[in-house]
**Student:** 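Once you've had a glance at the structure underneath, I'll fire off some questions.
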Amino acid sequence: MTGLLGPAEIRELAARLGVAPTKKLGQNFVHDPNTVRRIVNAAGLTPDDVALEVGPGLGSLTLGLLPVAGHVHAVEIDPVLAGALPETAARHAGAGAGRLTVHRADALRIDAAELADPPPTALVANLPYNVAVPVVLHLLAVLPTLRHGLVMVQKEVADRLVAGPGSKVYGIPSVKLAWYAQARGAGRVPPNVFWPVPNVDSGLVAFTCREPPRADVAREAVFAVVDAAFAQRRKTLRAALAGWAGGPDRAAAALTAAGVDPGARGESLTVEQFTAIAASAPVGTRAAK
């Protein structure tokens with residue numbers, strides 16, 4: 001893996017483009033080639049993979065992905081950075097630049113049709129801290145061709161994404177990611193590999209997509225239960241799901257039918273149990289959007 005950008009190249013490129021990282025877009029650019037190599041190796045890409053990168057910025061990770069993936073889709077919301085990325089790839093990736101497609105778009109709004117040629121199989125990205133969870137969940141929802149991925153996010157967010165039932169940080173992101181995939185922590189990343197240096201550590205989250213727990217229960221219905229359960233996480237499920245079910249007694253009946261103790265709390269349930277509750281929902285129960 002050659003042609004990666006170091007600190008000097010990052011600063012020179014940013015100066016030439018007149019770019020300064022902004023908090024609004026959650027921009028922290030990786031300037032350490034060894035970290036890029038670590039991310040790419042941990043992602044486990046093959047030449048058959050089509051990688052999707054969100055927020056490529058100045059192109060540090062993009063240049064690491066191009067030699068190992070069959071194709072790379074880079075989704076960048078910043079027009080200046082999106083416009084400059086093909087030239088950066090041409091200068092540093094040689095023939096690999098022909099395997100890059102840059103999309104000037106918001107990752108929270110992009111859909112499968114925009115990424116269909118060829119469809120992505122792996123999400124590999126240094127995600128902006130402020131939208132990391134919504135981006136991951138949105139892409140998993142709209143891109144059925146995704147098989148696996150590795151994302152770098154704020155360490156606190158990484159811990160939440162991979163937490164299991166009973167953990168203090170287990171919550172809505174944990175359960176919703178579990179609906180789509182099996183996830184695990186893949187290591188910590190120190191602040192000093194970024195420009196500017198953030199005041200928090202980052203973490204790597206690896207995931208492998210799987211079939212939903214039950215094909216006969218809609219994702220929206222399950223997520224409605226999850227949202228209600230954690231909106232009042234200190235309450236028992238009988239109380240927390242009262243609004244969702246149309247009253248505490250109806251909530252208790254749905255929980256009992258699902259084989260879940262009405263006195264339990266949401267933080268103790270697996271995604272399979274949330275799915276069972278949704279399947280036992282009273283007629284007319286509100287569904288999530």
Side-chain angles (χ1 to χ4, degrees), residues 108 122-123 127 131-151 153-186 203-245 250-282 285-289:
L108 284 169
L123 172 62
L127 292 174
V131 293
V133 171
V135 164
V136 170
L137 295 179
H138 170 71
L139 294 174
L140 286 169
V142 301
L143 298 175
T145 57
L146 286 177
R147 299 196 301 258
H148 63 114
L150 183 90
V151 294
V153 296
Q154 185 176 337
K155 183 63 170 62
E156 180 181 338
V157 174
D159 291 342
R160 290 176 181 170
L161 285 171
V162 303
S167 167
K168 291 182 179 179
V169 296
Y170 182 70
I172 291 174
S174 322
V175 184
K176 290 185 177 180
L177 179 56
W179 169 268
Y180 297 104
Q182 291 181 320
R184 61 178 177 82
L204 299 175
V205 174
F207 64 85
T208 303
C209 294
R210 63 179 184 185
E211 292 297 318
R214 284 177 57 170
D216 62 330
V217 183
R219 179 186 74 242
E220 293 84 1
V222 178
F223 285 8
V225 179
V226 174
D227 290 338
F230 286 102
Q232 304 177 77
R233 65 181 298 153
R234 293 184 180 275
K235 291 188 176 182
T236 65
L237 288 168
R238 182 182 189 275
L241 297 182
W244 163 81
R250 298 184 78 188
L255 288 160
T256 301
V260 176
D261 178 4
R265 290 177 170 79
E267 62 195 25
S268 68
L269 268 59
T270 64
V271 67
E272 289 79 12
Q273 289 174 303
F274 279 111
T275 304
I277 296 168
S280 302
T285 299
R286 173 176 58 86
K289 294 183 179 179

**Student:** Which pair of heavy atoms, one from A229 and one from G266, lies closest together, and at what distance?
**Tutor:** CB-CA, 4.4 Å
**Student:** Quick one: CZ on F230 to CZ on R265, what's the gap to the nearest 0.5 Å?
**Tutor:** 12.0 Å
**Student:** Test of understanding: with side chain to side chain contact (heavy atoms under 4.5 Å, CB included), list the residues that count as partners of T208, not counting sequence neighbours.
**Tutor:**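 Residues passing side chain to side chain contact (heavy atoms under 4.5 Å, CB included) with T208: none at all.
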**Student:** Would you compute the distance between atom CG of L269 and atom CD1 of I277 and round it to the nearest 0.5 angstrom?
**Tutor:**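 If I round to the nearest 0.5 Å, the distance is 5.0 Å.
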**Student:** Applying side-chain contact (heavy atoms from CB on, under 4.5 Å) to L150 and V205, what does each step give before you reach the verdict?
**Tutor:** CA-CA 6 Å; L150 183 90; V205 174; over 6 Å; no
**Student:** For L146 and L139, work out which heavy atoms get closest and say how close.
**Tutor:** CD1-O, 3.9 Å
**Student:** Could you tell me which non-hydrogen atom of R214 sits nearest to which non-hydrogen atom of A276, and how far apart they are?
**Tutor:**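 Closest pair (atom of R214, atom of A276, distance): NH1-CA, 4.4 Å.
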**Student:** Give the intermediate values and the outcome of side-chain contact (heavy atoms from CB on, under 4.5 Å) for residues W179 and R219.
**Tutor:** CA-CA 8 Å; W179 169 268; R219 179 186 74 242; 3.6 Å; yes
**Student:** If the condition is salt bridge (Lys or Arg N to Asp or Glu O under 4.0 Å), which residues does R147 pass it with, not counting sequence neighbours?
**Tutor:**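 For R147 the salt bridge (Lys or Arg N to Asp or Glu O under 4.0 Å) partners, ignoring immediate neighbours, are D49.
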**Student:** L137 and Y180: side-chain contact (heavy atoms from CB on, under 4.5 Å), yes or no, with the steps?
**Tutor:** CA-CA 9 Å; L137 295 179; Y180 297 104; 4.1 Å; yes
**Student:** Any side-chain to backbone donor/acceptor pair from S268 onto A264? Under 3.5 Å, distance only.
**Tutor:** no
**Student:** What's the shortest heavy-atom distance between L241 and V225, and which atoms?
**Tutor:** CD2-O, 3.8 Å
**Student:** Measure the shortest side-chain to side-chain distance between L237 and P262 over non-hydrogen atoms and say whether it is less than 4.5 angstrom.
**Tutor:**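 No, too far: nothing below the 4.5 Å cut-off.
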**Student:** So which pairs with a foot in residues 167-177 pass side chain to side chain donor-acceptor pair (under 3.5 Å), sequence neighbours left out?
**Tutor:** K176-D227
**Student:** Considering residues at least two apart in sequence or located in another chain, which fulfil the salt bridge (Lys or Arg N to Asp or Glu O under 4.0 Å) criterion with R184?
**Tutor:** none
**Student:** Could you tell me the separation between the CG atom of D261 and the OG1 atom of T256, rounded to the nearest 0.5 Å?
**Tutor:**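 These two atoms lie 8.0 Å from each other.
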**Student:** If the condition is salt bridge (Lys or Arg N to Asp or Glu O under 4.0 Å), which residues does R160 pass it with, not counting sequence neighbours?
**Tutor:**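 Partners of R160 by the salt bridge (Lys or Arg N to Asp or Glu O under 4.0 Å) criterion, ordered by chain and then number, come out as E156.
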**Student:** Quick one: side chain to side chain contact (heavy atoms under 4.5 Å, CB included) partners of T270, sequence neighbours excluded?
**Tutor:**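 Counting only residues at least two positions away or on another chain, T270 forms a side chain to side chain contact (heavy atoms under 4.5 Å, CB included) with P165, E272, Q273.
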**Student:** Could you walk me through whether L140 and L177 pass the side-chain contact (heavy atoms from CB on, under 4.5 Å) check?
**Tutor:** CA-CA 9 Å; L140 286 169; L177 179 56; 3.6 Å; yes
**Student:** Which heavy atom of A183 sits nearest a heavy atom of L161, and at what distance?
**Tutor:**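 Heavy atoms of A183 and L161 come nearest at CB-O, 4.4 Å.
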**Student:** Ignoring hydrogens, what is the shortest heavy-atom contact between V135 and L108? Give both atom names and the distance.
**Tutor:**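 It is N-CD2, 3.7 Å.
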